[in-house]
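Structure first, then comments.
Since the model is a prediction, treat every value here as computed from it, not as a measurement.
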Amino acid sequence: MAPLRVTIIGSGNWGSAISIIIGKNTERSNRFHPAVSMWVFQETVGGRRLSDIINQDYENVKYLPGHRLPRNVVAVPELVGAVSGADILVFVVPHQFIGTVCDQLAGHLKCGAFGISLIKGVDQGPGGLKLISDVIREKLGIQISVLMGANIASEVAEGKFCESTIGCKNPQHGQIFKELMQTPNFRITVVEDCDTVEVCGALKNIVAVGAGFCDGLDFGDNTKAAVIRLGLMEMVAFARLFCTGAASTSTFLESCGIADLITTCYGGRNRRVAEAFARSGKSIAELERDMLDGQKLQGPPASAEVYKILRQKDAIEKFPLFVAVFRICYEGRPVQEFISCLQNHPEHY
């Protein structure tokens, strides 16, 4: 059997961090071709093209500075060229861009190629929820799995121990993905409950915005703990309302669930920008521009998509925390009102 060729579609901080693991693992395994292509959206940094910097200096100086990328990870600025001959596609672009990326890729993939999404976000569809994996599946006609977990990119790049969860219905693909990405310090569990794994990855960013509001308003750790607990309740209720099949309670106990929720509510860009929003009075768009150096927030736009889905299903009243985040970020409601969504939260679902 010919070795499997891997392409990473995206080169932000998470894409660059996972490229360190994938690049090293492909060199160690006969299952994979050692050369890994990574599609890079071309930018100029310090007068040089970002793809040239990565290929010559082995560092993504804009999105993951200070971390050396493996020499076998090759930056490719042409999207179609990057996926040429690839058997495995690792999608890790901001969820706002996945539709455009897939439209460009349609008709250019190798027969039998399959993929895994590391993208955290949701869209609205005719029946309510549309997952990012659904978008990829429908536009490209490939089997697609997901990876979500408590995985802050800089810590993964540093090799600090963490866990992650792969949602995969194809056992053979699950084993391939685990071999591609697992290391002693990046431990992976594979489960079949793909939709719940993916929903957790999107919704936890909304809760993290709420946690950032708490920090910015100096509400304290007790209140923040309540945000995490009530946010988890809404995540479970949302998954059970919208996911196909039963959302397993055990999935929320995996890294994609409670672990990712906790780490995102104490670290990560969504919490950090939300804290600055509460303290500064600047808009989310201004803070994203000023604080993130080209990276994109996922929590606020996810809250907007979730709000549309809930409104379509006449379920707004059941999700006060998600709705409060949306209204504060996009409808001009005072951030000080966030506490009311906790005070009036339903005790049971």
Using the salt bridge (Lys or Arg N to Asp or Glu O under 4.0 Å) rule, collect all pairs that involve [range], keeping only residues at least two apart or in two chains.
{"range": "residues 188-203", "answer": "none"}
{"range": "residues 206-219", "answer": "Asp215-Lys224, Asp215-Arg271, Asp218-Arg279"}
{"range": "residues 93-106", "answer": "Asp103-Lys139"}

Minimum-distance pair of heavy atoms, taken over all atoms of [X] and [Y]:
{"X": "Met291", "Y": "Ala276", "result": "SD-CB, 3.7 Å"}
{"X": "Thr165", "Y": "Ser255", "result": "OG1-N, 3.3 Å"}
{"X": "Thr223", "Y": "Leu342", "result": "CG2-CD1, 3.7 Å"}
{"X": "Gly210", "Y": "Val227", "result": "C-CG1, 4.1 Å"}

Q: For Phe242, check ring-ring contact (aromatic ring centres under 6.0 Å, His included) against everything at least two apart and list the hits.
A: Phe238
(Q) Holding to ring-ring contact (aromatic ring centres under 6.0 Å, His included), I want the full list of residues that pass it with Tyr330, two or more places apart in sequence or in another chain. (A) Phe326
Q: List in chain and number order the residues that pass salt bridge (charged side-chain N to carboxylate O under 4.0 Å, His left out) with Lys313, two or more places apart in sequence or in another chain; answer none if no residue qualifies.
A: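 For Lys313, no residue satisfies salt bridge (charged side-chain N to carboxylate O under 4.0 Å, His left out) once neighbours in sequence are set aside.
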Q | Residues that Glu138 engages under salt bridge (charged side-chain N to carboxylate O under 4.0 Å, His left out), provided they are two or more places apart | A | Lys130
Q | Proximity of Phe41 and Tyr63 rings by center, below 6.0 Å | A | no
Q: Determine, using ring centers only, whether Phe322 and Tyr307 are less than 6.0 Å apart.
A: no
(Q) Check this for me: Glu331, atom CD, are more than 12 non-hydrogen atoms of other residues, nucleotides or ligands nearer than 6.0 Å? (A)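 Enclosed.
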Q: Determine whether more than 12 heavy atoms belonging to other residues, nucleotides or ligands lie under 6.0 Å from atom NZ of Lys178.
A: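 Counting other residues, nucleotides and ligands, NZ of Lys178 exceeds 12 neighbours.
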Could you tell me if [Y] and [X] have a donor-acceptor pair between their side chains, going purely by distance under 3.5 Å?
{"X": "Asn344", "Y": "Ser340", "value": "no"}
{"X": "Asn72", "Y": "Thr26", "value": "yes"}
{"X": "Thr249", "Y": "Arg240", "value": "yes"}

Q: With sequence neighbours left out, write down each residue that passes side chain to side chain donor-acceptor pair (under 3.5 Å) with Glu78, or none if nothing qualifies.
A: none
**Q.** Any residue meeting side chain to side chain donor-acceptor pair (under 3.5 Å) with Thr7, in chain and number order, not counting sequence neighbours
**A.**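 Residues passing side chain to side chain donor-acceptor pair (under 3.5 Å) with Thr7: none at all.
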Return all side-chain donor-acceptor pairs below 3.5 angstrom for residues 142-154, not counting sequence neighbours, or 'none' if the list is empty.
{"from": "Gln143", "atom 1": "OE1", "to": "Asn170", "atom 2": "ND2", "distance (Å)": "3.2"}
{"from": "Asn151", "atom 1": "OD1", "to": "Ser164", "atom 2": "OG", "distance (Å)": "2.8"}
{"from": "Asn151", "atom 1": "ND2", "to": "Glu163", "atom 2": "O", "distance (Å)": "2.8"}

Could you pull out all donor-acceptor pairs under 3.5 Å where a side-chain atom in residues 8-16 meets a protein atom, sequence neighbours excluded?
{"from": "Asn13", "atom 1": "OD1", "to": "Arg269", "atom 2": "NH2", "distance (Å)": "2.9"}
{"from": "Asn13", "atom 1": "ND2", "to": "Gln295", "atom 2": "OE1", "distance (Å)": "3.4"}
{"from": "Ser16", "atom 1": "OG", "to": "Ser11", "atom 2": "O", "distance (Å)": "3.1"}
{"from": "Ser16", "atom 1": "OG", "to": "Gly12", "atom 2": "O", "distance (Å)": "2.9"}
{"from": "Ser16", "atom 1": "OG", "to": "Asn60", "atom 2": "ND2", "distance (Å)": "2.9"}

Between side-chain atoms of residues 86-98 and protein atoms elsewhere (two or more places apart, or another chain), which donor-acceptor pairs fall under 3.5 Å?
{"from": "Asp87", "atom 1": "OD1", "to": "Lys110", "atom 2": "NZ", "distance (Å)": "2.8"}
{"from": "Asp87", "atom 1": "OD2", "to": "Arg5", "atom 2": "N", "distance (Å)": "2.8"}
{"from": "His95", "atom 1": "ND1", "to": "Gln298", "atom 2": "OE1", "distance (Å)": "2.9"}

So do the side chains of [X] and [Y] get within less than 4.5 Å of each other, counting heavy atoms only?
{"X": "Val36", "Y": "Ser19", "result": "no"}
{"X": "Phe186", "Y": "Cys162", "result": "yes"}
{"X": "Ile206", "Y": "Glu234", "result": "no"}
{"X": "Arg48", "Y": "Gln56", "result": "yes"}

(Q) Quick check for you: to the nearest 0.5 Å, what is the distance between Gln336 atom CD and Leu217 atom CG? (A)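 If I round to the nearest 0.5 Å, the distance is 6.0 Å.
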